[in-house]
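Read the structure below first, then the notes.
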Amino acid sequence: MEDKCPEPIRCKAAVCRAAGEPLTVEEVVVDPPKAYELRIKIVCTSLCHSDVTFWRMKDFPGVFPRIFGHEAFGVVESVGEQVDGFAAGDSVVPTFLSQCSECADCRSSRSNVCSKYRFAVRPGMPRDDTTRFRDADGSPLHHFLGVSSFSEYTVVDVTQVVKVDPALPPPTACLLSCGATTGVGAAWKLAKVEPGSSVAIFGLGAVGLAVAEGARICGASKIIGVDLNPEKDELGKKFGVTHFINPKELGEKTVSQVIVEMTDGGADYCFECVGLAALMSDAFQSSRAVCTRWGKTIILGVEMHDAPLSIPSREILHGKCVMGSLFGGVKPKQDIPILAEKYLNKELELDKFITHEVALKDINTAFDLLLQGKSLRCTIWMDK
């Protein structure tokens, strides 16, 4: 399987030629890995809302033609020079966040954002910003988040690859590559939800439900889900949500008023998982103001209109705090294997996130299902 001098590989990939247009499955050429890179045979991938966000984006960093996808599971096909700790045949998941394990941030327990290879939505590889993809005519194809998993083969920097237990089912491993880890990590790793505590989650999409799952395994006694979709009431129960609030059904009361009443002073931990400044403010107003250990508001959503967040300074003085969350505060190389072990030990329930599956040739169906709100995660298989 391993080749001392890897050659370019011709394979199928789902290519997006213009913003918002359906993807086309084409033959592409994937170059060999350069130094500090691995070429991965993708077994399956899944569609995340971030893919859709940048698929719609007409202006930079929305660039085309591009191969999207960043949540995946695969097997190492070949490695470039200077790659340690990986070999052909290893089971791996790529991640959009780097971990070099050398910089001050990677070595610190206080950060999960690598300062040597900073997160950026660039069109090429992180070290040289060039591409490893070409179409059938030899024209370059842009990368996405350094992963581009909507291809049978892809090249990823070694700082963005995590080795996982081959006992993990491929669709489950996909979830650990982004969405599930982001939500579970925000509760477990970043907020450090305590047993018996109260949690409020604004937005019960895949990430919000993953927060609920994380809060559940941390032992939260009250997990409140807030969503405009009434169907999320029953769905949320499967992920540990104990109480449901639909803002449209509250009459004259605000969401924060209801949560403060339900929790006798405010939720210990509030998570915003949509990306609206107004909801971020609601989450903050819903949190407890007692001491510095309580009243945490964790922001997971990316504000979709780039609006500023305004919060009362007096409430900060009372002990509330706001925390940003990128990838749930998780350090990929050390924490994803821990989550994988929790899944294999039946502590962490992930299978319930997978609602659909399609073949690569039907990838646009995965987009339709997500846009219609019918799926949480749709597994896209490369060999079906």
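When atom types are taken as modelled, the side chain of Ser375 and the backbone of Thr355 share no donor-acceptor pair closer than 3.5 angstrom. When atom types are taken as modelled, the side chain of Lys333 and the backbone of Val161 share a donor-acceptor pair closer than 3.5 angstrom.
Aromatic ring centres of Phe64 and His142 lie farther apart than the 6.0 Å criterion allows. For Phe144 and Phe68, the distance between ring centers is under 6.0 angstrom.
Stacking of Lys232 on the aromatic ring of Phe244 is not recorded, the 6.0 Å distance cut-off and the 45° axial limit not both being met.
Under a 4.0 Å N-O distance rule, the pair Glu26/Arg17 qualifies as a salt bridge. Taking 4.0 Å as the cut-off between side-chain N and carboxylate O, Asp383 and Lys12 do not count as a salt-bridged pair. Salt bridge status for Lys34 with Asp128: present, with a side-chain N to carboxylate O gap under 4.0 Å. The existence of a salt bridge linking Glu357 and Lys384 is confirmed by a sub-4.0 Å separation between a basic side-chain nitrogen and an acidic carboxylate oxygen.
Using the six-membered ring where Trp is involved, Phe96 and Phe119 have ring planes that are perpendicular, over 60° apart on the 30 and 60° scheme.
A donor-acceptor contact closer than 3.5 angstrom links the side chains of Thr172 and Asp351.
Counting only residues at least two apart or on different chains, the side chain to side chain donor-acceptor pair (under 3.5 Å) pairs with a member in residues 111-125 are Glu102-Lys116, Asp105-Ser111, Asp105-Ser115, Tyr117-Arg127.
The hydrophobic clustering, which links ILVMFWY residues whose side-chain heavy atoms are closer than 4.5 Å, places Val25 and Leu369 apart.
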